[in-house]
Colleague: 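Before I ask anything, let me first share the structure, which is written out below as structure tokens.
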Amino acid sequence: QVQLVESGGGLVQAGGSLGLSCSASGRIVNNDAMAWFRRAPGKEREFVAGIWMSGENEFRGSSVWDRFRLSRNSTKNTVWLQMNSLKPEDTAVYYCALRSGRSTALTAYYEEDSYDYWGQGTQVNVSM
């Protein structure tokens, strides 16, 4: 069984930066992928960024493409989401997710149904 624990949420002013960390416990292998999704008030959950634990591929959503960066420490089964130039519309609950095994369809990594395990979520608030 895999468990995911997120940390690092909080309040930040627009234009500022914040980092989120997700640590996975359990059996994690290089074919797995970890990702961040977010849900803003009144909206559906949205893909933010994902990465293969092997480090071969990283994926980012179009709304964060040039502002957020994802990195991983495969030894510690941890991923770090660095969020820069934050905007009020980035306000959301951010969820860490893990997909077990590799998909041949890269589009799968953008879809929440492709992920097997989820963290509890951490709140990020960006003020104007």
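Values below: all heavy atoms of this structure, side chains included; hydrogens, waters and symmetry mates excluded.
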Colleague: Are Ser100 and Tyr115 packed together at the side-chain level, in the sense that at least one heavy-atom pair is separated by less than 4.5 angstrom?
Modeller: no
Colleague: Does atom CD of Gln3 have more than 12 heavy-atom neighbours from other groups under 6.0 Å away?
Modeller: no
Colleague: Would you verify whether the NZ or CZ of Arg45 falls within 45 degrees of the ring axis of Trp118 while also being under 6.0 Å from that six-membered ring's centre?
Modeller: yes
Colleague: Any donor-acceptor pair under 3.5 Å linking the side chain of Thr78 with the backbone of Lys76?
Modeller: yes
Colleague: What is the minimum heavy-atom distance between Phe47 and Ala35, and which atoms define it?
Modeller: CE1-CB, 4.2 Å
Colleague: State yes or no: are the ring centers of Tyr109 and Trp52 separated by less than 6.0 Å?
Modeller: yes
Colleague: Quick one, Asn57 and Ile51 - any side-chain contact, counting heavy atoms below 4.5 Å?
Modeller: no
Colleague: Any link between Val64 and Tyr110 through a network of hydrophobic side chains (Ile, Leu, Val, Met, Phe, Trp, Tyr) touching at under 4.5 Å?
Modeller: no
Colleague: For the backbone of Ser25 and the side chain of Asn77, can you confirm whether one donor and one acceptor N or O come within less than 3.5 Å of each other?
Modeller: no
Colleague: Closest approach of Leu98 and Ala24, non-hydrogen atoms and distance?
Modeller: CD1-CB, 4.3 Å
Colleague: With a 4.5 Å limit on heavy-atom distance, are the side chains of Trp80 and Leu20 in contact?
Modeller: no
Colleague: Distance-only, no hydrogens or angles: does the Arg60 side chain make a donor-acceptor pair with backbone N or O of Ala49 under 3.5 Å?
Modeller: no
Colleague: I'd like to know if Asp90 and Arg67 make a salt bridge, using a cut-off of under 4.0 Å between side-chain N and carboxylate O.
Modeller: yes
Colleague: Taking the side chain as everything from C-beta on, heavy atoms only, tell me whether Phe68 gets closer than 4.5 Å to Leu86.
Modeller: yes
Colleague: Is there side-chain contact between Leu4 and Ser23, with heavy atoms separated by less than 4.5 Å?
Modeller: no
Colleague: Please check: side-chain N/O of Glu6 versus main-chain N/O of Gln120, any donor-acceptor pairing under 3.5 Å?
Modeller: yes
Colleague: Check for me, please, whether Met34 and Leu70 land in the same ILVMFWY cluster - side-chain distances under 4.5 Å, paths through other members count.
Modeller: yes
Colleague: In sequence, state the C-alpha distance, the side-chain angles, and the governing distance for Arg102 and Glu56, and then conclude on salt bridge (Lys or Arg N to Asp or Glu O under 4.0 Å).
Modeller: CA-CA 12 Å; Arg102 191 163 292 185; Glu56 295 172 68; 3.4 Å; yes
Colleague: May I ask you to check whether Tyr94 and Phe37 place their ring centres under 6.0 Å from each other?
Modeller: no
Colleague: Could you tell me whether the side chain of Ser114 and the main chain of Ala108 form a donor-acceptor pair under 3.5 Å?
Modeller: yes
Colleague: For a quick check under 3.5 Å, do Thr91 and Gln123 share a side-chain donor-acceptor pair by atom type?
Modeller: no
Colleague: Which atom names give the shortest non-hydrogen contact between Ile28 and Met53, and what distance separates them?
Modeller: CG2-CG, 4.0 Å
Colleague: Quick check: do Val124 and Leu18 have side-chain heavy atoms less than 4.5 Å from each other?
Modeller: yes
Colleague: Looking at every non-hydrogen atom in both residues, tell me the closest pair between Glu46 and Ser63 and how far apart they are.
Modeller: OE2-OG, 3.2 Å
Colleague: Would you say that more than 12 heavy atoms from the other residues, nucleotides or ligands in this model lie under 6.0 Å from the CD of Glu44, or not?
Modeller: no
Colleague: For the residue pair Arg38 and Tyr95, would you count it as a cation-pi contact if the rule is NZ or CZ under 6.0 angstrom from the ring centre and within 45 degrees of the ring axis?
Modeller: no
Colleague: Can you check side-chain contact (heavy atoms from CB on, under 4.5 Å) on Gln82 and Ser17, steps first, answer last?
Modeller: CA-CA 7 Å; Gln82 179 64 39; Ser17 298; 3.8 Å; yes
Colleague: Give a yes or no on whether the backbone of Asp32 and the side-chain of Arg99 come within a donor-acceptor separation of less than 3.5 Å.
Modeller: no
Colleague: Identify the two heavy atoms, one from Pro88 and one from Met128, that lie closest to each other, and give their separation to 0.1 Å.
Modeller: CG-CG, 3.6 Å
Colleague: Would you please name every residue forming a side-chain contact (heavy atoms from CB on, under 4.5 Å) with Ser7, sequence neighbours left out?
Modeller: Ser21
